[in-house]
> 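Please see the structure below; I have some questions.
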Amino acid sequence: MRLEHVAIWTEDLERLTDFYTEYFGATAGARYVNQVKGYESCFLSFESGARLELMKSSTLEPVKHTRGAERMGLTHLAVSVGSAHKVDELTSRLKRDGRDVVDGPRHTGDGYYESVILDPDGNRVEITV
């Protein structure tokens with residue numbers, strides 16, 4: 001088995017799509033719109049085959065959390081960039097661009113080299129080797 005995709009609710013599909021395509025090299029698929037249900041989505045594909053589904057609703061009000069909040073359930077995405085140098089490089093770029101860097105880069109107690117950043121919606125993203 002393999003994990004097929006992870007989905008994230010957002011209020012701004014364009015903003016989140018732009019973020020993951022610009023910084024993580026995702027390729028955006030065609031937008032799906034269901035006007036009857038007030039639903040839109042866009043799948044982002046990564047070179048590794050992983051996919052991220054971004055979803056927006058005009059009829060639901062998903063629970064909002066404080067930016068970067070640690071919470072029960074899905075709490076972060078981890079994206080491997082292949083080397084410590086690339087972790088440092090991407091983290092520096094995000095910081096220069098005014099993005100929220102929460103922690104790192106650093107070596108963790110469980111053997112990872114990572115930094116933690118927030119995407120534009122406040123979701124935690126670990127950038128790892």
Side-chain angles (χ1 to χ4, degrees):
M1 286 192 284
R2 71 178 180 89
L3 186 61
E4 205 312 295
H5 70 271
V6 173
I8 298 176
W9 284 114
T10 184
E11 293 179 320
D12 192 332
L13 279 173
E14 292 81 18
R15 179 182 65 191
L16 221 49
T17 297
D18 290 348
F19 176 81
Y20 284 101
T21 56
E22 179 178 348
Y23 293 106
F24 295 96
T27 300
R31 181 168 300 185
Y32 168 75
V33 178
N34 184 325
Q35 292 187 356
V36 173
K37 292 187 176 184
Y39 174 81
E40 297 178 55
S41 70
C42 179
F43 273 95
L44 304 181
S45 299
F46 297 84
E47 189 176 300
S48 68
R51 297 191 323 150
L52 184 61
E53 181 181 14
L54 305 179
M55 306 179 307
K56 179 181 177 181
S57 174
S58 62
T59 59
L60 299 174
E61 292 188 33
V63 174
K64 293 183 183 181
H65 296 279
T66 305
R67 288 180 58 76
E70 294 281 12
R71 57 186 183 263
M72 298 304 284
L74 184 63
T75 192
H76 70 261
L77 301 174
V79 179
S80 173
V81 294
S83 72
H85 175 72
K86 288 182 180 178
V87 171
D88 294 343
E89 200 171 63
L90 182 53
T91 305
S92 292
R93 179 177 168 210
L94 287 155
K95 188 177 257 185
R96 268 194 322 274
D97 290 352
R99 303 295 183 170
D100 294 317
V101 176
V102 175
D103 193 13
R106 68 185 183 94
H107 291 278
T108 65
D110 55 359
Y112 280 91
Y113 184 72
E114 69 181 26
S115 61
V116 178
I117 59 103
L118 301 181
D119 74 12
D121 284 1
N123 299 302
R124 296 170 79 88
V125 180
E126 290 181 358
I127 304 169
T128 70
V129 174

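Sequence positions, counted from 1, serve as the residue numbers for this chain.
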> Begin from the C-alpha positions of Arg15 and Asp121 and carry the test salt bridge (Lys or Arg N to Asp or Glu O under 4.0 Å) through to its verdict.
CA-CA 9 Å; Arg15 179 182 65 191; Asp121 284 1; 2.3 Å; yes
> Can you list the residues that meet the side chain to side chain contact (heavy atoms under 4.5 Å, CB included) rule with Phe19, with sequence neighbours excluded?
Tyr23, Phe24, Leu94, Arg99, Ile117, Asp119, Pro120
> Under 4.5 Å between side-chain heavy atoms, chaining through other members, with only Ile, Leu, Val, Met, Phe, Trp and Tyr counted: pull out the rest of the cluster around Leu118, sorted by chain and number.
Val102, Val116
> With sequence neighbours excluded, what pairs up with Asp88 under the side chain to side chain contact (heavy atoms under 4.5 Å, CB included) test?
Pro105, Tyr113
> Taking only residues two or more places apart in sequence or in another chain, which ones pass side chain to side chain donor-acceptor pair (under 3.5 Å) with Ser57?
Thr59
> Do Val79 and Val125 have side chains that approach each other closer than 4.5 Å (heavy atoms only, starting at C-beta)?
yes
> If only side-chain N and O atoms count, and only distance matters, is there a donor-acceptor pair under 3.5 Å linking Asp110 with Thr108?
yes
> Ignoring hydrogens and angles, tell me if any N or O in the side chain of Thr66 forms a donor-acceptor pair with the backbone of Ala69 under 3.5 Å.
no
> Please check if the distance between the ring centroids of Tyr112 and His107 is under 6.0 Å.
no
> Under a 4.0 Å N-O cut-off, is there an ion pair linking Arg2 with Glu4?
yes
> Quick one: does any side-chain atom of Arg124 pair with a main-chain N or O of Gly68 as donor and acceptor, under 3.5 Å?
yes
> Any chain of hydrophobic side-chain contacts (each under 4.5 Å) joining Leu52 to Leu74?
yes
> Determine the sole option in His85, Lys86, Arg93 for which the side chain to side chain donor-acceptor pair (under 3.5 Å) test with Glu89 is passed.
His85
> Under a single-linkage definition using a 4.5 Å side-chain heavy-atom cutoff for Ile, Leu, Val, Met, Phe, Trp and Tyr, are Val87 and Leu77 assigned to the same hydrophobic cluster?
yes
> Where do Ile8 and Asn123 land on the side chain to side chain contact (heavy atoms under 4.5 Å, CB included) test, with the steps shown first?
CA-CA 9 Å; Ile8 298 176; Asn123 299 302; 3.6 Å; yes
> Assess whether side chain to side chain contact (heavy atoms under 4.5 Å, CB included) is satisfied between Val129 and Glu114, documenting all intermediate values.
CA-CA 7 Å; Val129 174; Glu114 69 181 26; over 6 Å; no
> Can you list everything that forms a ring pair (Phe, Tyr, Trp, His ring centres under 6.0 Å) with His76? Sequence neighbours excluded, please.
none
> For a 4.5 angstrom cut-off between non-hydrogen side-chain atoms, does Thr10 reach Met55?
no
> Going hydrophobic residue to hydrophobic residue with side-chain gaps under 4.5 angstrom, can you get from Leu54 over to Trp9?
no
> For residues 25-36, please give each side-chain donor-acceptor pair under 3.5 Å, one per line with the distance, not counting sequence neighbours.
{"residue": "Arg31", "atom": "NH1", "partner": "Glu14", "partner atom": "OE2", "Å": "2.8"}
{"residue": "Arg31", "atom": "NH1", "partner": "Glu40", "partner atom": "OE1", "Å": "3.1"}
{"residue": "Arg31", "atom": "NH2", "partner": "Glu14", "partner atom": "OE2", "Å": "2.9"}
{"residue": "Tyr32", "atom": "OH", "partner": "Asn34", "partner atom": "ND2", "Å": "3.3"}
{"residue": "Asn34", "atom": "OD1", "partner": "Val36", "partner atom": "N", "Å": "3.1"}
{"residue": "Asn34", "atom": "OD1", "partner": "Lys37", "partner atom": "N", "Å": "3.0"}

> Hydrophobic cluster membership, with links at side-chain heavy-atom distances under 4.5 Å among I/L/V/M/F/W/Y: are Leu44 and Leu90 in one?
yes
> I'd like to know if Phe43 and Leu3 are part of one continuous hydrophobic network [Ile/Leu/Val/Met/Phe/Trp/Tyr, side-chain heavy atoms within less than 4.5 Å].
no
> Between atom NZ of Lys56 and atom OG of Ser41, what is the distance when rounded to the nearest 0.5 Å?
12.5 Å
